Visitor: 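Can you keep this structure in mind? I'll have questions shortly.
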There are 2 protein chains.
Amino acid sequence: MAISTRFSVGIHILSLIATDEKMTSDLIAGSVNTNPVVIRKIMSMLKKAELIEVRPGVAGARLARPLSTITLLDVYQAVAVVPDKELFGVHAAPNPDCPVGRNIQSTVTPIFELAQSALEKVLAHVTLDDIVSEIEQKEASSS
Amino acid sequence: MAISTRFSVGIHILSLIATDEKMTSDLIAGSVNTNPVVIRKIMSMLKKAELIEVRPGVAGARLARPLSTITLLDVYQAVAVVPDKELFGVHAAPNPDCPVGRNIQSTVTPIFELAQSALEKVLAHVTLDDIVSEIEQKEASSS
DNA sequence: ATTACATGTAACCAATATAGTTACAAATAA
DNA sequence: TTATTTGTAACTATATTGGTTACATGTAAT
């Protein structure tokens with residue numbers, strides 16, 4: 001199955017907040033094209049991860065850190081698209097009486113970790129600043 | 001959500017077939033520790049991907065290609081753990097009237113593709129031969 | 001040819017995740 | 001005090017996963 005769209009929505013939300021701190025969950029929902037509660041739930045995750053600051057009753061949110069210090073990996077982990085350190089599922093109880101069964105997990109796991117960290121490395125090298133700049137550039141060149 | 005264990009089970013199945021062509025789905029299920037039908041369904045995918053040759057009624061299966069030419073990426077794609085070319089889901093209909101909304105998809109997609117192909121590259125560099133050799137080595141050193 | 005055994009599927013089930021929705025409490029600001 | 005907003009609980013529909021039963025079909029060996 002594909003990785004949840006919470007990730008791309010999270011990036012979308014943060015990009016909006018970066019350009020306008022008075023974005024309410026209703027306005028953001030309008031841009032993402034979904035329900036405001038979906039937005040609030042994802043914002044709640046971003047808040048727990050200390051990427052944004054939000055307060056009940058007061059409209060909008062602020063970035064908790066400078067744009068250039070927030071990586072896509074931070075967002076990816078914040079919205080919990082994947083159980084920590086286990087992008088790849090491994091079948092749990094292979095037969096210890098079989099040579100393959102008793103070695104498959106320890107053989108396959110380090111490779112999965114390599115693949116996972118290769119993916120995360122790419123995400124870690126892109127910041128929200130890159131995203132926002134890219135969007136601004138596209139806007140500028142299309143006008 | 002984690003990537004389906006069909007992947008690790010697929011590797012397990014192929015490793016067993018590599019070491020013994022007379023492995024029935026019952027025997028394999030015993031080693032994987034699951035139901036034989038689960039095994040047959042995954043083997044059906046491996047067959048469609050032309051990684052193995054199986055015939056109805058006749059016990060066991062054969063590798064369709066040499067061990068060293070089957071990569072983990074081949075297995076990964078064979079068991080369809082991920083919708084083709086879309087490891088990362090992207091929210092479908094952002095608002096075109098918003099600067100962020102109308103650019104988020106085209107900004108984020110190429111990065112997602114980079115991350116995905118970094119992951120796939122790791123899988124493509126490991127062959128089933130590597131896996132089986134590793135298992136044999138672990139067996140030898142533990143005796 | 002009959003028997004025994006395998007594969008190949010259809011059809012179902014329980015558990016879980018996703019994305020969306022309604023409803024409402026609590027906090028804030030005007 | 002009123003209007004607005006955040007924060008959640010609770011619920012829904014849908015889809016995927018992993019497992020299971022049941023059974024038709026194919027093969028080989030006696």
Side-chain angles (χ1 to χ4, degrees), chain A residues 1-10 12-13 16-17 20-30 32-49 52-62 76 79-84 86-94, chain B residues 1-10 12-13 16-17 20-30 32-49 52-62 76 79-84 86-94:
Chain A
M1 248 208 341
I3 287 170
S4 166
T5 60
R6 279 202 304 277
F7 184 28
S8 63
V9 172
H12 191 148
I13 292 172
L16 286 171
I17 294 174
D20 181 357
E21 294 194 348
K22 286 268 168 57
M23 293 295 286
T24 65
S25 59
D26 261 60
L27 288 173
I28 296 174
V32 171
N33 193 20
T34 183
N35 190 289
V37 175
V38 171
I39 299 298
R40 292 205 284 271
K41 277 193 259 193
I42 296 176
M43 285 181 72
S44 169
M45 296 181 187
L46 297 174
K47 184 184 182 179
K48 256 173 211 142
I52 60 175
E53 288 165 4
V54 201
R55 279 165 44 207
V58 43
R62 295 188 338 178
Y76 175 80
V79 298
V81 283
V82 149
D84 199 41
E86 292 183 10
L87 174 57
F88 293 90
V90 177
H91 54 299
Chain B
M1 250 209 344
I3 287 170
S4 167
T5 59
R6 278 203 304 277
F7 184 28
S8 64
V9 173
H12 191 148
I13 292 172
L16 285 172
I17 294 175
D20 181 358
E21 295 194 348
K22 287 266 169 58
M23 293 295 286
T24 65
S25 59
D26 262 60
L27 287 173
I28 296 175
V32 171
N33 194 22
T34 183
N35 190 290
V37 174
V38 171
I39 299 299
R40 291 205 284 270
K41 277 193 260 196
I42 297 176
M43 285 180 74
S44 168
M45 296 180 189
L46 297 174
K47 184 184 181 181
K48 256 173 209 142
I52 59 174
E53 288 165 4
V54 200
R55 280 165 44 208
V58 45
R62 296 188 338 180
Y76 176 80
V79 298
V81 282
V82 150
D84 199 40
E86 291 183 11
L87 174 56
F88 293 90
V90 178
H91 54 299

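Proteins come first, then strands; the chains are lettered A, B, ... in the order of their sequence lines, and each starts at number 1. Small disclaimer: the values here were computed from a predicted structure and weren't measured.
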Visitor: Measure CG/N35(B) against C1'/dT21(D) and give the value in whole Å, please.
Guide: 9 Å
Visitor: Counting just side-chain N and O atoms, does S4(A) come under 4.0 Å of either OP1 or OP2 of dA19(C)?
Guide: yes
Visitor: When the nearest nucleotide of DNA chain C is assigned to G57(B) and to T5(A) on a heavy-atom basis, which residue is associated with the more 5' position?
Guide: G57(B)
Visitor: CE of M23(B) to CD1 of I39(B): how many Å apart, nearest 0.5 Å?
Guide: 9.5 Å
Visitor: Without decimals, in angstroms, what is the distance between M45(A) CE and dT18(C) C1'?
Guide: 11 Å
Visitor: Any side-chain N or O of T24(B) under 4.0 Å from OP1/OP2 of dC5(C)?
Guide: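 Negative; the distance criterion is not met.
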Visitor: Answer yes or no: is there a donor N or O on one side and an acceptor on the other, between the side chain of T24(B) and the main chain of L27(B), under 3.5 Å?
Guide: yes
Visitor: Below 4.5 Å, heavy atoms only, C-beta onward: do H91(B) and V32(A) meet side chain to side chain?
Guide: yes
Visitor: For E86(A), which residues count as a salt bridge (charged side-chain N to carboxylate O under 4.0 Å, His left out) partner, sequence neighbours excluded?
Guide: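 Salt bridge (charged side-chain N to carboxylate O under 4.0 Å, His left out) check on E86(A) returns nothing, list empty.
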Visitor: Y76(B): what forms a ring pair (Phe, Tyr, Trp, His ring centres under 6.0 Å) with it, not counting sequence neighbours?
Guide: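 With neighbours one apart ignored, the set is F7(B).
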Visitor: Provide, to the nearest angstrom, the distance between the CD atom belonging to E53(A) and the C1' atom belonging to dT6(D).
Guide: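 Atom CD in E53(A) sits about 15 Å away from atom C1' in dT6(D).
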Visitor: I'd like to check R6(B) versus V9(B) (side-chain heavy atoms, cut-off strictly below 4.5 Å). Are they in contact?
Guide: no
Visitor: Check the distance between dT17(D)'s C1' and F7(B)'s CZ and give it to me in whole angstrom.
Guide: 17 Å
Visitor: Mind calculating the distance between CZ (R6(A)) and C1' (dG20(C)) to the nearest angstrom?
Guide: 13 Å
Visitor: Roughly how many Å is it from CG in L27(B) to C1' in dA6(C), rounded to a whole number?
Guide: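 Going from L27(B) (CG) to dA6(C) (C1'), I get 11 Å.
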Visitor: Tabulated below should be each protein N or O lying under 3.5 Å from an N or O of nucleotides 8-12 of chain C; please produce it.
Guide:
residue : atom : partner : partner atom : Å
dG8(C)  : OP1  : K47(B)  : NZ           : 2.9
dG8(C)  : N7   : R40(B)  : NE           : 2.9
dG8(C)  : O6   : R40(B)  : NH2          : 3.1

Visitor: Ignoring backbone atoms, establish whether T34(B) has a side-chain N or O less than 4.0 Å from OP1 or OP2 of dG18(D).
Guide: no
Visitor: Within the 4.0 Å heavy-atom criterion, would you say G60(B) contacts the bases, only the backbone, or no part of the nucleic acid?
Guide: sugar-phosphate
Visitor: Take the protein atom NZ of K22(A) and the nucleotide atom P of dA30(C), then report the distance between them rounded to whole Å.
Guide: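 My rounded result for the distance is 9 Å.
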Visitor: Between P36(A) and D26(B), name the one whose nearest nucleotide on DNA chain C is closer to the 5' end.
Guide: D26(B)
Visitor: Start with the C-alpha distance between V38(B) and I42(B), add both sets of side-chain angles, then the distance that settles side chain to side chain contact (heavy atoms under 4.5 Å, CB included), and finish with yes or no.
Guide: CA-CA 6 Å; V38(B) 171; I42(B) 297 176; 4.3 Å; yes
Visitor: Rounded to the nearest Å, what distance is computed from the CG atom of residue N33(B) to the C1' atom of nucleotide dG19(D)?
Guide: 12 Å
Visitor: Does V38(B) reach a base, just sugar-phosphate, or nothing at all? Heavy atoms under 4.0 Å.
Guide: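 It contacts base atoms.
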